[in-house]
Amino acid sequence: MTFASHMDIALAEAQAAAQRGEVPVGAVVTSSDGTVIAQAGNRTRELNDPTAHAEILAIREACAALGQERLPDHDLYVTLEPCPMCAAAISFARIRRLYYGAADPKSGGVAQGARVFSHAQCHHMPEIYDGLSAEPASELLRKFFAGRRT
């Protein structure tokens with residue numbers, strides 16, 4: 001089977017989040033055959049919910065659509081390295097593969113900071129592929145935050 005990235009959909013979700021005034025992060029859950037099951041962008045401000053990160057919303061939507069609490073044999077594409085909360089949710093959902101774009105030195109929970117998947121208490125570690133569409137994902141974030149600082 002040929003690899004097909006779904007980061008373009010995640011980037012579109014991130015762009016839509018930015019247009020709503022949310023931090024531009026987007027996520028997509030796919031099945032093992034590449035079918036898109038769920039997609040979301042950040043909605044923390046809109047929903048007044050600090051847990052409404054793109055990853056959490058996409059995982060919730062996928063679980064609801066499939067009628068199950070775990071997503072083995074499913075992959076998650078996200079534009080930014082997941083934070084510790086999202087990394088824990090990815091583990092709990094038993095996501096098969098995690099693909100992410102930009103690294104997050106400030107709040108990351110995968111390769112930076114907490115490194116959730118490396119702890120003995122972590123029950124499941126997905127295969128991790130970083131740097132996928134990192135530049136466009138980083139550029140979205142840079143532009144968003146530059147606009148906030150002016």
Side-chain angles (χ1 to χ4, degrees), residues 1-104 106-117 122-145:
M1 185 161 121
T2 305
F3 173 76
S5 171
H6 294 282
M7 195 59 83
D8 58 332
I9 300 169
L11 286 165
E13 287 289 342
Q15 182 64 47
Q19 291 170 350
R20 293 190 302 272
E22 302 277 358
V23 174
V25 178
V28 178
V29 175
T30 64
S31 65
S32 60
D33 69 1
T35 302
V36 173
I37 305 299
Q39 59 194 68
N42 276 357
R43 293 186 180 274
T44 59
R45 292 188 172 118
E46 176 185 339
L47 300 176
N48 298 312
D49 179 355
T51 69
H53 290 197
E55 301 94 308
I56 301 289
L57 296 174
I59 289 168
R60 286 178 184 164
E61 183 181 324
C63 287
L66 299 170
Q68 57 194 47
E69 67 182 273
R70 294 191 177 146
L71 300 168
D73 299 322
H74 288 76
D75 300 337
L76 176 68
Y77 294 81
V78 62
T79 57
L80 180 65
E81 176 183 353
C83 72
M85 174 185 68
C86 292
I90 290 164
S91 177
F92 293 147
R94 306 296 196 265
I95 296 287
R96 176 180 66 167
R97 293 186 187 114
L98 167 64
Y99 299 92
Y100 69 87
D104 189 353
K106 181 181 172 196
S107 301
V110 177
Q112 316 283 326
R115 297 183 181 151
V116 170
F117 301 127
C122 182
H123 299 302
H124 170 77
M125 181 176 135
E127 292 177 34
I128 300 167
Y129 301 90
D130 63 347
L132 196 63
S133 299
E135 188 49 42
S138 295
E139 186 61 22
L140 264 174
L141 289 159
R142 275 192 295 275
K143 284 181 180 177
F144 178 81
F145 286 112

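Side-chain atoms are counted along with the backbone in the values below, which use heavy atoms only and exclude waters and symmetry mates.
The two residues G26 and A14 make their nearest non-hydrogen contact at N-CB, 3.6 Å. Minimum heavy-atom separation, A38 to A58: CB-O, 3.3 Å. The minimum heavy-atom distance between L80 and A103, with the atom names listed, is CD1-O, 3.8 Å. For A102 against L141, the heavy-atom pair with the smallest separation is CB-CD1, 4.4 Å. Among all heavy-atom pairs drawn from A62 and V29, the shortest one is CB-CG1, 3.8 Å. When all heavy atoms are compared, the tightest approach of M7 to L132 is CE-O, 3.5 Å.
To the nearest 0.5 Å, atom CG of residue L76 and atom CD1 of residue I95 are 5.5 Å apart. With rounding to the nearest 0.5 Å, the separation of CZ in F144 from CD in Q19 is 11.5 Å. A distance of 7.0 Å separates CD of E127 from OH of Y99, quoted to the nearest 0.5 Å. With values rounded to the nearest 0.5 angstrom, Y100 atom OH is found 10.5 Å from I90 atom CD1. The structure places CZ of R43 at 13.0 Å from CG of N48, a figure rounded to the nearest 0.5 Å.
Taking F92 as the reference, nothing meets the ring-ring contact (aromatic ring centres under 6.0 Å, His included) condition, with sequence neighbours excluded. For D8, there are no side-chain hydrogen bond (donor to acceptor under 3.5 Å, both in side chains) partners, not counting sequence neighbours. The side-chain hydrogen bond (donor to acceptor under 3.5 Å, both in side chains) search around S138 returns none, not counting sequence neighbours. Q68 is linked by a side-chain contact (heavy atoms from CB on, under 4.5 Å) to L66, L71, P72, H74, counting only residues two or more places apart in sequence or in another chain. Taking the side-chain hydrogen bond (donor to acceptor under 3.5 Å, both in side chains) definition, one finds that E81 meets it with nothing, sequence neighbours left out.
Using cut-offs of 30° and 60° on the angle between ring planes, the pair Y77 and H6 is perpendicular.
With S133 contributing its side chain and G101 its backbone, the two residues share no donor-acceptor pair below 3.5 Å. Listed for the H124 side chain is no donor-acceptor partner under 3.5 Å among the backbone atoms of A93. The backbone N or O of T44 sits nowhere less than 3.5 Å from a side-chain atom of N42 that would complete a donor-acceptor pair.
Among pairs with a residue in residues 65-80, those fulfilling salt bridge (Lys or Arg N to Asp or Glu O under 4.0 Å) read D75-R96, D75-R97, at least two apart in sequence or across chains. Sorted by first and then second residue, the pairs that involve residues 15-29 and meet salt bridge (Lys or Arg N to Asp or Glu O under 4.0 Å), not counting sequence neighbours, are R20-E46.
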Item to check | Steps toward side-chain contact (heavy atoms from CB on, under 4.5 Å) verdict (V25, L140) | outcome: CA-CA 9 Å; V25 178; L140 264 174; over 6 Å; no
Next on the checklist: Determine whether E13 and T79 satisfy the following criterion, side-chain contact (heavy atoms from CB on, under 4.5 Å), listing intermediate values before the conclusion.
Outcome noted: CA-CA 9 Å; E13 287 289 342; T79 57; over 6 Å; no
Just distance, no hydrogens or angles: give the donor-acceptor pairs under 3.5 Å from side chains in residues 106-115, sequence neighbours left out.
from: R115; atom 1: NE; to: A111; atom 2: O; distance (Å): 2.8
from: R115; atom 1: NH2; to: A111; atom 2: O; distance (Å): 3.2

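The side-chain heavy atoms of R60 and T51, taken from C-beta on, include a pair separated by under 4.5 Å.
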